[in-house]
Amino acid sequence: MGHKAKSKERKEKRLQEISLLRTIPYADHQRWWSKETIAVVTGGNRGIGFEISRQLADHGVTVILTSRDASVGVESIKVLQEGGLQEVACHQLDILDNSSINQFCEWLKENYGGLDILVNNAGVNFNLGSDNSVENASLVIETNYYGTKRMIQAMVPLMKPSSPGGRIVNLSSRLGRLNGKRNRLENESLREQLSDVESLTEEVIDGMVSTFLQQVEDGSWESGGWPPSFTDYSVSKLAVNAYTRFIAKKFSERPDGEKIYINSYCPGWVKTALTGYAGSISVEDGADTGVWLSLLPDQAISGKFFAERREINF
């Protein structure tokens, strides 16, 4: 059996294990949450976001599903309610629009007093199959990286103080790994800067994405050492992974009772609209690690990257 076949077999076995783990209920001593626990899921109206919302609600968390299109959000929670999940609500939210974010913050504060869990799921990808166009690079970076960052900055002041701590989960991708074998960032100096958590700054991350967008604009991006596949999407998720580590370090300085734990995860190549339904993983399996990270009883884990409920290297 070749290396590729062995790797596929290992992954399938792991996904079977995860499906089994999902059937095992959390013990009472593990359940730090209740229906008073508020989870916000961006882009929760379809795909992985909808499934994360469903699974969290099924675990007894109150879920606020957000959708760019308010009417689609209403339809989505109707589906959940018809499935017996009553502790769900929806609200319009466009993570590209500051006024939409501000309105959502006001509504959330007024109606729920804040939140405990934030799942940054909303994202876009315009490359399917072997395509590698950067025609939409600006929108991809603006949504996947800056939109995620905007939400974190807006939600952190609304995170409820608690002994278990707040949770933030960022949907990311193995395509955004610094040291991936097939899709790595070739710029050695930039890789070193992004690898050094101690000296990593927001300016370094923002500088990376603005350099990429500048090179896209002037047509020099192909010689810039950027990841060769799904380049704009990969750079956006590389930025999300780096920001997750950077902000985790900042959050670690918060006092007990006000801690926030943040991690990112790769759902895999999931059968959703984002992959043109060409994925190899079910939406239930794709959502699983995000839900698991949201509810982790051992809350001290932060600034890490996961896939299939296991930590993987950035």
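From a predicted model like this one, the values you see are computed outputs, not experimental measurements.
- Between Ser162 atom OG and Asp116 atom CG the span is 6.0 Å, to the nearest 0.5 Å.
- Hydrophobic clustering keeps Val216 apart from Leu139 (ILVMFWY residues linked when any side-chain heavy atoms are closer than 4.5 Å, directly or through intermediates).
- A donor atom on one side chain and an acceptor atom on the other are found under 3.5 Å apart for Ser236 and Asn144.
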Go through it in stages, so that I can follow the logic: the residues are Glu87 and Val61, the test is side-chain contact (heavy atoms from CB on, under 4.5 Å), and I'd like the CA-CA distance, side-chain angles, deciding distance and then a yes or no. CA-CA 7 Å; Glu87 302 299 331; Val61 172; over 6 Å; no
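- With contacts defined as side-chain heavy-atom distances shorter than 4.5 Å, the pair Leu93/Ile101 qualifies.
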Between Arg245 and Ser264, does a side-chain contact (heavy atoms from CB on, under 4.5 Å) hold up when you go through it step by step? CA-CA 9 Å; Arg245 299 169 86 197; Ser264 58; over 6 Å; no
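- With salt bridges taken as basic N to acidic carboxylate O contacts below 4.0 Å, none links Glu202 and Lys249.
- Residue pairs satisfying the ring pair (Phe, Tyr, Trp, His ring centres under 6.0 Å) criterion with at least one member in residues 175-230, sequence neighbours excluded, are listed as follows: Phe212-Trp226, Phe230-Trp269.
- Hydrophobic cluster membership is shared by Val63 and Leu293, with clusters built from Ile, Leu, Val, Met, Phe, Trp and Tyr side chains linked at under 4.5 angstrom.
- Both Ile152 and Val204 belong to a single network of hydrophobic side chains, linked directly or stepwise wherever heavy atoms of I, L, V, M, F, W or Y lie under 4.5 Å apart.
- No donor-acceptor distance shorter than 3.5 angstrom exists from the side chain of Thr148 to the backbone of Val240, with no hydrogens or angles considered.
- Contacts of Tyr26 classified as ring pair (Phe, Tyr, Trp, His ring centres under 6.0 Å), with partners at least two apart in sequence or in another chain: Trp33, His59.
- Although no hydrogens or angles enter the test, the distance criterion places no donor-acceptor pair under 3.5 Å between the side chain of Thr143 and the main chain of Val140.
- With hydrophobic clusters built from ILVMFWY side chains whose heavy atoms lie under 4.5 angstrom apart, Phe104 shares a cluster with Met159.
- Residues Ile260 and Arg254 are in side-chain contact: their nearest non-hydrogen atoms beyond the backbone lie under 4.5 Å apart.
- Residues Cys105 and Met155 are in side-chain contact: their nearest non-hydrogen atoms beyond the backbone lie under 4.5 Å apart.
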Between Ile117 and Val41, is a side-chain contact (heavy atoms from CB on, under 4.5 Å) present by the stated rule, with each step listed? CA-CA 8 Å; Ile117 299 165; Val41 182; over 6 Å; no
Is there a side-chain contact (heavy atoms from CB on, under 4.5 Å) between Ile312 and Arg174? Walk through the geometry before answering. CA-CA 9 Å; Ile312 59 174; Arg174 286 180 176 93; 4.0 Å; yes
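- Gln55 pairs by the side-chain contact (heavy atoms from CB on, under 4.5 Å) definition with Arg22, Glu51, Glu284, Ala287, Val291, not counting sequence neighbours.
- Looking at Gln92 and Thr66, their side chains never bring a donor and an acceptor atom within 3.5 Å of each other.
- Other residues, nucleotides and ligands contribute more than 12 heavy atoms inside 6.0 Å of the NZ atom of Lys160.
- Among residues two or more places apart in sequence or in another chain, the ring pair (Phe, Tyr, Trp, His ring centres under 6.0 Å) test is passed with Tyr243 by Phe246.
- Side-chain atoms of Arg184 and Arg191, non-hydrogen and from C-beta on, do get closer than 4.5 Å to each other.
- Sorted by first and then second residue, the pairs that involve residues 65-83 and meet salt bridge (charged side-chain N to carboxylate O under 4.0 Å, His left out), not counting sequence neighbours, are Glu75-Lys78.
- Shown here for Phe306 and Glu311, the closest heavy-atom pair between the two residues is CD2-N, 3.4 Å.
- The structure places SG of Cys90 at 6.5 Å from CG of Leu65, a figure rounded to the nearest 0.5 Å.
- Under the side-chain contact (heavy atoms from CB on, under 4.5 Å) criterion, Ser133 pairs with Asn127, Glu135, sequence neighbours left out.
- Here the CZ atom belonging to Arg14 is positioned 10.5 Å from the OG atom belonging to Ser19, to the nearest 0.5 angstrom.
- Applying the ring pair (Phe, Tyr, Trp, His ring centres under 6.0 Å) test to every pair with at least one member in residues 137-179, sequence neighbours left out, gives no pairs at all.
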Go through Asn121 and Thr42 one step at a time and tell me if the side-chain hydrogen bond (donor to acceptor under 3.5 Å, both in side chains) criterion holds. CA-CA 5 Å; Asn121 163 75; Thr42 68; 5.3 Å; no
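- Trp107 and Ile38 end up in the same hydrophobic cluster when Ile, Leu, Val, Met, Phe, Trp and Tyr side chains are linked at under 4.5 Å.
- Scored by the side-chain contact (heavy atoms from CB on, under 4.5 Å) test, Gln81 finds Ile77, Gln86, Val88 as partners (sequence neighbours excluded).
- A donor-acceptor contact closer than 3.5 angstrom is absent between the side chains of Ser99 and Asn102.
- Between Tyr265 and Trp292, a ring centre-to-centre spacing not shorter than 6.0 Å is recorded.
- For residues 153-207, the set of pairs meeting the ring pair (Phe, Tyr, Trp, His ring centres under 6.0 Å) definition, not counting sequence neighbours, is empty.
- A search for side-chain hydrogen bond (donor to acceptor under 3.5 Å, both in side chains) contacts involving Arg150 returns Glu142, not counting sequence neighbours.
- Residues Asn170 and Thr244 bring a donor and an acceptor atom of their side chains to less than 3.5 Å of each other.
- Here the straight-line distance linking atom CD of Glu106 with atom CG of Asn111 works out to 11.0 Å at 0.5 Å rounding.
- Between Phe126 and Asp131 the shortest side-chain heavy-atom distance does not fall below 4.5 Å.
- In plain terms, the two heavy atoms of Met208 and Leu238 that are nearest each other are SD-CD2, 3.7 Å.
- Taking OG1 from Thr289 and CG from Asn263, the interatomic distance works out to 11.5 Å, rounded to the nearest 0.5 Å.
- Separation of atoms CG (Leu115) and OG1 (Thr62) is listed at 12.0 Å; rounding is to 0.5 Å.
- Side-chain atoms of Leu175 and Pro227, non-hydrogen and from C-beta on, never get closer than 4.5 Å to each other.
- Applying the ring pair (Phe, Tyr, Trp, His ring centres under 6.0 Å) criterion to Phe251, with sequence neighbours excluded, gives no partner residue.
- Evaluation of the salt bridge (charged side-chain N to carboxylate O under 4.0 Å, His left out) test over residues 255-266, restricted to residues two or more places apart or in two chains, returns none.
- No side-chain heavy atom of Gln193 sits less than 4.5 Å from a side-chain heavy atom of Leu200.
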Using side-chain hydrogen bond (donor to acceptor under 3.5 Å, both in side chains), reason through Ser172 and Asn241 one step at a time and then give a plain yes or no. CA-CA 7 Å; Ser172 191; Asn241 286 341; 2.7 Å; yes
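- Between Ser294 and Leu56, the shortest heavy-atom distance links the atoms CB-CD2, 4.0 Å.
- At distances below 3.5 Å, at least one donor-acceptor pair connects side-chain atoms of Ser100 with backbone N or O atoms of Asp94.
- For the pair Arg167 and Ile262, the minimum side-chain heavy-atom distance is 4.5 Å or more.
- Heavy atoms of other residues, nucleotides or ligands lying less than 6.0 angstrom from CG of Asn179 number more than 12.
- Cation-pi geometry between Arg177 and Phe314 is not met at under 6.0 angstrom from the ring centre and within 45 degrees of the axis.
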